[in-house]
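For the single chain, residues carry numbers from 1 onward in sequence order.
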Amino acid sequence: TNTYTGGTRIEGGILSIANNGHLGSSAVSNSVTLDGGTLQLTANVTPSTNRKVVVGAAGGTLTGTGTAGLTAVPEDTLKGVGPLLITGNS
């Protein structure tokens, strides 16, 4: 688990996580921005209501491995201007 604040920006490559805590503190609004990169889930992840997934102009990919994916996604979690490719069970 990470406790950093300030959000996570993925501009290329793949960031692989197994739980929401890998993206920093969920007690504050720590957005994840996909702008040319991929967020890969290796286990089922339930996003915090404080965490938004923002898709930048370069777009991004959200993918799950095996049976992994997003569960119980709060309303208004995904937003942005770019294309979002969702693969696997995400």
Scanning both residues in full, the closest heavy-atom pair of Thr8 with Leu23 reads OG1-O, 3.7 Å
Leu39 and Thr63: CA distance, side-chain angles, deciding distance, side-chain contact (heavy atoms from CB on, under 4.5 Å) verdict: CA-CA 6 Å; Leu39 179 60; Thr63 188; over 6 Å; no
Measuring from Thr38:OG1 to Leu85:CG, what's the distance to the nearest 0.5 Å? 8.0 Å
Can you tell me if Thr42 uses its side chain to pair, donor with acceptor, with the backbone of Ile17 under 3.5 Å? yes
Donor-acceptor pair, Asn2 side chain versus Tyr4 backbone, under 3.5 Å? no
Taking Asn30 for the side chain and Ser25 for the main chain, is one N or O donor matched with an acceptor at less than 3.5 Å? yes
side-chain contact (heavy atoms from CB on, under 4.5 Å) between Gln40 and Thr65, intermediate numbers included: CA-CA 7 Å; Gln40 179 181 57; Thr65 61; 3.3 Å; yes
Distance-minimising heavy-atom pair for Thr61 and Leu34: O-CD1, 3.9 Å
What pair of heavy atoms forms the shortest contact from Ala58 to Gly36, and how long is it? CB-N, 3.8 Å
Closest non-hydrogen atoms of Pro83 and Ala57, given as atom of the first, atom of the second and distance, are CD-O, 4.0 Å
Are Arg51 and Asn20 packed together at the side-chain level, in the sense that at least one heavy-atom pair is separated by less than 4.5 angstrom? yes
Are Val54 and Leu78 connected in a single hydrophobic cluster, I mean Ile/Leu/Val/Met/Phe/Trp/Tyr linked by side-chain heavy atoms less than 4.5 Å apart? no
Please evaluate residues Val32 and Ile10 with respect to the criterion side-chain contact (heavy atoms from CB on, under 4.5 Å), reporting the C-alpha separation (whole Å), side-chain torsions for both, the decisive distance (0.1 Å), and the verdict. CA-CA 8 Å; Val32 175; Ile10 308 168; 4.2 Å; yes
Joint cluster assignment, Ile86 & Leu15, ILVMFWY side-chain distance < 4.5 Å: yes
